[in-house]
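Data block below; observations after.
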Amino acid sequence: MAKNVRNFVNRLFMQTVDLGLLQELLAPHEPDMAFKWLELPEDESAQRDALFHLFRERGDEFPDILLDALHSILTLSTPNGARALQEIADERGVRLAEEAEPAPADDRKRLTARHLALIAYLHHRDIFQRAVHRHAFFASSPLRLIGARKGVVPRHEDETAREAFKAACREYFARRYQGRICDVYWYPEATHINLLVEHGMNAVILPVEEGGRQTTRPVREITADAICFEPETGLIKVAARAKVERLKLVHLFAEHLLDDPDFFFGPKSDQLYHLAPIEKKGTTWKFENDWDDDLKSVKVVEIEIDEGQAGKGGRGGSPWSLRMTDTLNSVSRVERVCPDIDLSTLRVSGLKMRMRFEIDGERRDVTVAIKVPNTVSFRDHLLEARIFEHLRLNGFLMDDDPARLAAAAD
């Protein structure tokens, strides 16, 4: 946690942050800190420098409740966090930026994601907490499984089913981590069922200072696992720290909210992506993106090839593998380096694409990695829905409709 506190400030942030906001953040905790705001230098520049060193050098001495607040603020100090704050504020008719005093030329610099998170934490705690929960659904590489059928009706509005799911989660995490806290939050949307499961982790013994003496204290971190289910497609997405926990949450969701514990554990439940269009077309393949004016370029910077078959990935599926990188086009590079290679007789098992978007005059480069048969990962989840639509239209998503699969590959 101390590392996170040190990351809370940087020189630019401390030079531009509204000192009134920072004083408001620290004031409730001064009685428990060896710090007094009134003892800061009178000169504003010296004040900012002193505060910078306070966070950098003595952040690990802050009270636990302040450490937790800074950790949560940092969680939302990202483009995804800022987007979540703005969307929730818009839904409630609140303009967060107006909470900051108008600034002259540096206004754009001052209203960064970190400033926005600080404003929300201090003045709109309900919006802030909701954004923290929403942010938990953005995971770089969550577990995705396809269910036994589409169009299933979940029991997420049945209070009995909800309580059974919550009790099962509480029992599982209490047994796994010996924690006592486990809460479930429900966020149904138009086409998705979203759940957040907050629970304690294993206790960690940390050295702390109390009354001028060094001692130790057990700390149990609270983490948030996220579940997103799409009834129309039968797809579930689960983000949790360990794979065994992701699988357990899938099982509990299916058992208590779908009445079928094996709903997501069929023989092809993890068969989600393939790269057949590239296998069939080779160097003549092109990424189709005419429908999206914001996507300016797509470069395939890495490709992995082997002799595996669908459902037989990894070492057991092929005696060898080839990985080729190229900053412009790794598919063409493979055929130039290995002119006798025939991709149609092999499997393209992995791909990395650098997708360059330009939105409202701002350039956004996103590297999208696909690993057959069940992993797609990227960092910028502001564009998640659009990226998956690109993958679908280019024939990379598995589909039960053979005609559409064939059309995408031709």
Side-chain angles (χ1 to χ4, degrees), residues 140-146 267-292 295-357 364-380 383-384 386-410:
S140 59
S141 184
L143 171 69
R144 290 183 172 93
L145 296 173
I146 193 72
K268 294 185 178 181
S269 63
D270 64 346
Q271 306 296 301
L272 302 177
Y273 315 111
H274 67 139
L275 296 166
I278 301 177
E279 295 167 358
K280 292 184 178 298
K281 289 193 172 184
T283 55
T284 65
W285 172 82
K286 291 183 179 179
F287 191 90
E288 299 294 338
N289 64 304
D290 293 344
W291 64 274
D292 188 353
L295 182 57
K296 303 302 180 181
S297 67
V298 179
K299 297 176 182 177
V300 179
V301 297
E302 181 176 304
I303 186 172
E304 293 185 40
I305 304 165
D306 60 31
E307 288 183 342
Q309 299 175 1
K312 293 179 61 180
R315 295 179 181 177
S318 176
W320 61 270
S321 65
L322 170 68
R323 182 170 67 91
M324 184 67 69
T325 61
D326 190 288
T327 57
L328 296 177
N329 190 331
S330 59
V331 181
S332 296
R333 176 67 63 181
V334 166
E335 296 205 359
R336 286 200 298 273
V337 173
C338 309
D340 296 329
I341 201 167
D342 183 358
L343 290 181
S344 65
T345 65
L346 301 171
R347 179 180 73 157
V348 179
S349 59
L351 202 71
K352 282 186 181 179
M353 300 180 293
R354 187 160 296 128
M355 306 176 74
R356 172 163 293 178
F357 294 88
R364 307 181 77 97
D365 289 337
V366 183
T367 298
V368 180
I370 306 172
K371 188 69 175 177
V372 174
N374 53 27
T375 302
V376 169
S377 60
F378 46 87
R379 291 184 180 274
D380 193 340
L383 299 166
E384 178 171 328
R386 194 182 307 196
I387 288 171
F388 270 95
E389 183 64 8
H390 278 291
L391 299 184
R392 184 185 69 80
L393 292 175
N394 278 273
F396 292 161
L397 272 59
M398 289 286 192
D399 198 299
D400 292 333
D401 182 357
R404 206 182 108 187
L405 268 181
D410 287 343

Practice problem: Begin with the C-alpha distance, continue with both residues' side-chain angles, and end with the deciding distance and a verdict on side chain to side chain contact (heavy atoms under 4.5 Å, CB included) for Glu307 and Leu346. | Solution: CA-CA 5 Å; Glu307 288 183 342; Leu346 301 171; 3.7 Å; yes
Practice problem: Tell me, with the steps shown, if Met353 and Ile370 meet side chain to side chain contact (heavy atoms under 4.5 Å, CB included). | Solution: CA-CA 9 Å; Met353 300 180 293; Ile370 306 172; 4.1 Å; yes
Quiz item: After noting the C-alpha distance and the side-chain angles of Tyr273 and Leu391, does the key distance pass the side chain to side chain contact (heavy atoms under 4.5 Å, CB included) rule?
Solution: CA-CA 9 Å; Tyr273 315 111; Leu391 299 184; 5.5 Å; no
Practice problem: Start with the C-alpha distance between Trp285 and Glu279, add both sets of side-chain angles, then the distance that settles side chain to side chain contact (heavy atoms under 4.5 Å, CB included), and finish with yes or no. | Solution: CA-CA 9 Å; Trp285 172 82; Glu279 295 167 358; over 6 Å; no
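Rounding to the nearest 0.5 Å places CG of Leu143 at 7.5 Å from CG of Asn374. The distance from the CG atom of Asn394 to the CG atom of Asn289 is 7.5 Å, given to the nearest 0.5 Å. Atom CD1 of Ile303 and atom NZ of Lys352 lie 13.0 Å apart (nearest 0.5 Å). Thr284 contributes atom OG1, which lies 10.5 Å from atom CD1 of Ile278 (distance to the nearest 0.5 angstrom). Between the CG atom in Asp292 and the CD1 atom in Ile387 there is a gap of 10.0 Å [rounded to 0.5 Å].
Using a 4.5 Å heavy-atom cutoff, the side chains of Phe396 and His390 are not in contact. Side-chain contact between Leu295 and Met355: present, with at least one pair of heavy atoms (C-beta onward) separated by less than 4.5 Å. Between Val376 and Phe388, some side-chain heavy-atom pair lies under the 4.5 Å cut-off.
For the side-chain contact (heavy atoms from CB on, under 4.5 Å) test with Arg347, the passing option among Leu275, Ile305, Asp306 is Asp306; the others fail.
His274 contributes no side-chain N or O that, together with a main-chain N or O of Val348, makes up a donor-acceptor pair within less than 3.5 Å. Side-chain atoms of Thr345 come within 3.5 Å of backbone atoms of Asp342 as a donor-acceptor pair (strictly under, hydrogens ignored). Looking only at distances, a side-chain donor or acceptor of Ser330 sits under 3.5 Å from a matching main-chain atom of Val300.
The salt bridge (Lys or Arg N to Asp or Glu O under 4.0 Å) test applied to Asp365 returns Arg356, Arg363, not counting sequence neighbours. Glu389 pairs by the salt bridge (Lys or Arg N to Asp or Glu O under 4.0 Å) definition with Arg392, not counting sequence neighbours.
Nearest heavy-atom pair, Val301 versus Arg354, reported as atom, atom and distance to 0.1 Å: CG1-NH1, 3.6 Å.
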For residues 333-340, run the donor-acceptor check on the side chains, cut-off 3.5 Å, and write out each pair with its distance to 0.1 Å, sequence neighbours left out.
{"unit_1": "Arg333", "atom_1": "NE", "unit_2": "Asp326", "atom_2": "OD2", "d": "2.6"}
{"unit_1": "Arg333", "atom_1": "NH2", "unit_2": "Asp326", "atom_2": "OD2", "d": "2.9"}

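Heavy-atom contacts from other residues, nucleotides or ligands closer than 6.0 Å to CZ of Arg386 number more than 12. Taking a 6.0 Å sphere around NZ of Lys286, one finds it holds 12 or fewer heavy atoms contributed by other residues, nucleotides or ligands.
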